[in-house]
2 protein chains.
Amino acid sequence: MISARVHYACLALFELAMRADDTTPVAVREITDKHNIPGPFLVQILRPLRAAGWVQSVRGSHGGYRLSVDPSQITLLDIAEAMGCQDRNSHLSETPTKSAIALQHAWDEANEASRAVLSGLRLSDMVERCHHGEATMFYI
Amino acid sequence: MISARVHYACLALFELAMRADDTTPVAVREITDKHNIPGPFLVQILRPLRAAGWVQSVRGSHGGYRLSVDPSQITLLDIAEAMGCQDRNSHLSETPTKSAIALQHAWDEANEASRAVLSGLRLSDMVERCHHGEATMFYI
DNA sequence: ACAAACATGATCTACTTAGTCAAGTATGGT
DNA sequence: ACCATACTTGACTAAGTAGATCATGTTTGT
């Protein structure tokens, strides 16, 4: 359900958010090293993030990336959707039966439930969680 | 998130559940015709359903399938899991960072939310929904 | 000029899903 | 006994996606 792209994108954004007070840009290399993200893969993941206006890139020597929005403005759902993953969640034909429609509603409900969770988690929340340790924050 | 296999499996089980009072088995052909399921594909979908003990097969002429459990005993989550879909939901390496752990918790939460929806929908509920029409049952 | 670092587009491989096929086995009707 | 019907099993193919890599170009600081 969650692709590696989305996961890596989130890790990169966390990293940028955590270093947002420092004005010097963060090199791709620093992120891939710290989070074990396969080298040039992150580059193509950062593209949609830049297209979404969430990060800025600085070219040339000492270049890198910088967060360009407030971390409380982005949710995990936003990130997941920006990465343009394929959803094969519609199974309705042109002439769906009652069963198929009822079933599709069920899938939609389930999907909506997980989207609700992700849309409730902002980038700022996640950064806070990382700083406070994870022991007491999950109640599942 | 929901594969065609799971969708088809549910449709087949709906059909069997709706005709459970009739004791004559339902031929695969009848199900594929009614629900536009590609021919021999349903056959291999019925296999895990039989393995789970939810359907019985009758061989030979006038054979077919019959539901062998109470429809209130099976949930959509049960069906989805019985179809053995791949989950690529764990993104943790051997030495995960705090960020990766916090993020994985978020994915798990989202996943759990949708599982909760599916585990709340029993086969009997779905059959009822099909019979009553779908207008008033969803509140999203 | 040179090196560091981002930009872009093409490409490759492995895996999963969806769907098909063929040969075999069991059962009921004639 | 024979035959049509219908399930059983396992192998197989096709297409699409995710994950990852590479080569080449461009920008900027020293």
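Chain letters run A, B, ... following the sequence lines, proteins first and then strands; every chain starts at 1. This structure is a prediction, so every number in the text was calculated from the model and none was measured.
- Between B:Tyr8 and C:dG19, a side-chain N or O to OP1/OP2 separation shorter than 4.0 Å is present.
- Distances were taken from every side-chain heavy atom of A:Arg50 (C-beta onward) to each of D:dC7, D:dT21, C:dT8; the shortest belongs to C:dT8.
- As rounded to whole Å, 9 Å separates atom C1' of C:dG19 from atom CZ of B:Arg5.
- Rounded to a whole Å, the CG atom of B:Leu49 is 14 Å from the P atom of D:dC7.
- Here the C1' atom of nucleotide D:dT9 and the CG atom of B:Leu42 are 16 Å apart, to the nearest Å.
- A donor atom on one side chain and an acceptor atom on the other are not found under 3.5 Å apart for A:Gln104 and A:His91.
- Residue A:Pro38 is in sugar-phosphate contact alone, with no base atom involved, counting any heavy-atom pair closer than 4.0 Å across all strands shown.
- DNA chain D is contacted by A:Arg59, A:Gly60, A:Ser61, A:His62 of residues 58-70 of chain A, taking any non-hydrogen atom closer than 4.0 Å.
- Residues A:Met18 and A:His131 meet the side-chain proximity criterion, which asks for heavy atoms closer than 4.5 Å.
- Regarding A:Arg47, its CZ atom lies at a distance of 15 Å from the C1' atom of C:dA5, rounded to whole Å.
- The separation between A:Ile45 atom CD1 and C:dC6 atom P is 15 Å, rounded to whole Å.
- Atoms NE2 and SG, on B:His35 and B:Cys10 in that order, are 11.5 Å from each other to the nearest 0.5 Å.
- For A:Ser57, counting side-chain heavy atoms from C-beta on, the closest listed nucleotide (C:dA7, D:dG19, D:dT9) is C:dA7.
- When heavy atoms are screened at a 4.0 angstrom cut-off, B:Arg29 is found touching no nucleic acid atom at all.
- Between the C1' atom of C:dA14 and the CZ atom of B:Arg88 lies a distance of 13 Å, rounded to the nearest Å.
- Between B:Arg29 and B:Asp33 there is a salt bridge, with a side-chain nitrogen of the basic residue lying less than 4.0 Å from a carboxylate oxygen of the acidic one.
- For the pair A:Ile2 CD1 and D:dA18 C1', the computed distance is 14 Å after rounding to whole Å.
- What separates CG of B:Asp87 from P of D:dA18 is a distance of 16 Å, to the nearest Å.
- Closest approach to the B:Gln86 side chain among C:dT17, C:dA7, D:dG19 is made by C:dT17 (side chain taken as heavy atoms from C-beta onward).
- Distance from the side chain of A:Phe41 is smallest to D:dT21 among C:dA7, D:dT21, C:dT20.
- If you take OG1 on B:Thr24 and NE2 on B:His62, they are separated by 9.5 Å, rounding to the nearest 0.5 Å.
- Using a 4.0 Å cut-off between a side-chain N of Lys or Arg and a carboxylate O of Asp or Glu, B:Glu109 and A:Arg129 qualify as a salt bridge.
- Under 3.5 Å, the side chain of B:Gln44 and the base of D:dT8 form no donor-acceptor pair of N or O atoms.
- When only modelled atom types and interatomic distance are considered, A:Gln73 and A:Arg122 share no side-chain donor-acceptor pair under 3.5 Å.
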